[in-house]
Amino acid sequence: MTPGVVLLTGASGYVGSRLRAALEARGVRLRCMAREPRLLAPHVAAATEVVRGDALDPASLGPALQNVATAYYLIHSMASGRAFEEHDRAAARNFGAAARAAGVRRIIYLGGLGHGPGLSPHLASRQETGRLLRESGVPVIELRASVIIGSGSASFELVRGLVDRLPVMTTPRWVSTEAQPIAIEDVIEYLVLALDLPEEESRIYEIGGADRSSYRDLMREYADRRGLKRWLIRLPFLTPRLSSLWLRFVTPLYASVGRELIEGVRNPSVVEDPSALRDFPLQPRGMREAITRALANEDAEMAATRWNDVRAVPPSWGGVRFGSRLVDSRSLRVDASPAAAFAAIRSI
């Protein structure tokens with residue numbers, strides 16, 4: 001394992017929070033970089049250091065990278081709106097330059113897997129980020145992941161939102177695009193094991209699960225695990241852009257991120273280079289096991305990995321928003337029978 005301090009960026013995100021726990025369990029000398037350290041600090045182990053840093057603020061990166069041997073780069077701006085590509089580009093350049101100036105020996109980066117011409121803006125940006133980090137001169141281990149399956153992941157919650165809400169789905173042709181879904185547990189294991197790789201030149205690894213499948217397969221498998229009967233009717237004239245517009249009415253909590261995901265599913269995301277299976281002592285799970293585990297652990301995993309999204313909501317709402325869930329608590333006494341009161345709830 002690489003000696004010295006390990007810096008983790010994105011430590012409060014979906015992947016980062018799980019990776020943080022795995023690195024702490026391994027006894028790594030861990031430093032987490034956050035824009036708001038006071039929000040992250042109560043949730044880390046006693047030995048974990050939390051420092052302020054923002055990849056879009058170059059002056060903040062030098063102190064965060066001091067004495068760092070390996071840095072995990074888990075930063076993206078997909079939810080920031082139309083300017084996410086510019087933000088990603090600036091962040092990667094700033095971080096790469098600061099890492100080189102600080103003498104960082106390696107960057108481990110989680111990107112996106114996609115092949116073929118005309119990559120979506122999201123996938124193109126993820127792969128451009130890896131290229132910009134490499135251009136800094138610091139060796140980069142880039143893990144390009146296919147669809148990530150885990151409770152709380154954007155792709156999985158997109159499938160959940162569609163299947164839970166729609167007994168009949170008119171599906172566009174992009175749902176048949178081939179992918180290689182990978183369990184979040186396996187993504188974390190790849191990221192941890194990357195610390196043990198020899199410090200050599202930059203490498204790109206394509207990582208996916210044991211099965212090749214499509215979003216259609218994911219929807220059907222999710223429905224089976226839930227005991228739901230669903231009908232999928234293909235309408236080939238529905239483009240990804242039209243689908244993304246329709247998506248906001250079905251899964252509004254994921255509309256901003258889901259739009260970019262939908263644009264990306266037109267690109268196949270299957271593993272063509274099997275070198276990850278050769279260089280990592282890991283056999284990834286299949287799609288069915290990944291979905292089963294996500295459903296079995298969903299409440300605990302949602303609580304463990306989405307705490308960082310706690311935000312105040314208007315007092316009139318009487319609740320607190322946790323990531324993609326709204327936890328609402330209030331009481332009101334009314335002169336009605338339980339059946340009459342519950343009838344209003346049933347009508348929602």
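Numbering starts at 1 and runs along the sequence shown. What you are looking at is a predicted structure, and each value in this text was computed from that prediction instead of being measured.
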Verdict with reasoning, E24 to V44, per side-chain contact (heavy atoms from CB on, under 4.5 Å): CA-CA 8 Å; E24 289 173 341; V44 305; 3.6 Å; yes
When you compare the side chain of [Y] with that of [X], does any pair of heavy atoms fall below 4.5 Å?
X	Y	value
T9	L7	yes
L232	R216	yes
S202	I141	no
F156	I148	no

Q180 side-chain N/O to A145 backbone N/O, donor-acceptor pair under 3.5 Å: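 Pair absent, no side-chain N/O of Q180 close to backbone of A145.
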Main-chain N/O of L197 paired with R106 side-chain donor or acceptor, under 3.5 Å: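 Pair found, side chain donor or acceptor close to backbone of L197.
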By salt bridge (charged side-chain N to carboxylate O under 4.0 Å, His left out) - contacts of D57 (at least two apart):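 With neighbours one apart ignored, the set is R52.
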Which residues share a salt bridge (charged side-chain N to carboxylate O under 4.0 Å, His left out) with R29, sequence neighbours left out: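 Testing R29 for salt bridge (charged side-chain N to carboxylate O under 4.0 Å, His left out), a comparison that skips the adjacent residues, returns none.
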Side-chain heavy atoms nearer than 4.5 Å, only ILVMFWY residues, links allowed to pass through others: does that put [X] and [Y] together?
X	Y	answer
V138	L61	yes
V163	I291	yes
L74	Y190	yes
I204	L195	no
L218	V271	no

Rounded to the nearest 0.5 Å, what separation is found between the [atom1] atom of [X] and the [atom2] atom of [Y]?
X	Y	atom1	atom2	answer
E221	I149	CD	CD1	10.5 Å
H76	H122	NE2	NE2	7.5 Å
I184	S153	CD1	OG	7.0 Å
Y73	L110	OH	CG	12.5 Å
R126	S120	CZ	OG	11.0 Å
S269	I207	OG	CD1	11.5 Å

Applying side-chain hydrogen bond (donor to acceptor under 3.5 Å, both in side chains), can you list everything that pairs with [X], at least two apart in sequence or on another chain?
X	result
D217	S214
D164	Y222
R220	none
E189	none

R100 atom CZ: more than 12 heavy-atom contacts under 6.0 Å: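 Not buried by this count: 12 neighbours or fewer within 6.0 Å.
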Within 6.0 angstrom of R35 CZ, more than 12 heavy atoms from elsewhere: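 Atom CZ in R35 is not packed in, count stays at 12 or less.
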Qualifying salt bridge (charged side-chain N to carboxylate O under 4.0 Å, His left out) pairs, either residue in residues 137-152, two or more places apart: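 Counting only pairs at least two positions apart or across chains, the salt bridge (charged side-chain N to carboxylate O under 4.0 Å, His left out) contacts touching residues 137-152 are R134-E142, E142-R144.
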Pairs flagged by salt bridge (charged side-chain N to carboxylate O under 4.0 Å, His left out) wherever residues 206-215 is involved - sequence neighbours left out: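 Pairs touching residues 206-215 that pass the test: E178-R212.
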Intermediate values then yes/no, side-chain contact (heavy atoms from CB on, under 4.5 Å), V104 and T70: CA-CA 6 Å; V104 173; T70 297; 5.9 Å; no
For [X], which residues count as a side chain to side chain contact (heavy atoms under 4.5 Å, CB included) partner, sequence neighbours excluded?
X	answer
R89	E85, E86, R93, E128, L132
A25	none
A343	none

Which pairs of donor and acceptor atoms, one on a side chain in residues 277-286, lie under 3.5 Å apart (sequence neighbours left out)?
residue: D279; atom: OD2; partner: Y205; partner atom: OH; Å: 2.7
residue: R285; atom: NE; partner: E289; partner atom: OE2; Å: 3.4
residue: R285; atom: NH1; partner: D186; partner atom: OD1; Å: 2.7

Evaluation steps, side-chain contact (heavy atoms from CB on, under 4.5 Å), between L113 and V270: CA-CA 7 Å; L113 179 58; V270 296; 5.7 Å; no
Among I182, L143, L19, side-chain contact (heavy atoms from CB on, under 4.5 Å) partner for V187: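 For V187, the side-chain contact (heavy atoms from CB on, under 4.5 Å) test succeeds with only one of I182, L143, L19, which is I182.
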Short side-chain donor-acceptor distance under 3.5 Å, S125 and D88: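 S125 and D88 do have a side-chain donor-acceptor pair below 3.5 Å.
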CA sep, side-chain torsions, deciding dist, call: S151, E157, side-chain contact (heavy atoms from CB on, under 4.5 Å): CA-CA 7 Å; S151 185; E157 295 302 327; 4.0 Å; yes
Ion pair check, R288 and D224, cut-off under 4.0 Å: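 Looking at R288 and D224, the cut-off is not met.
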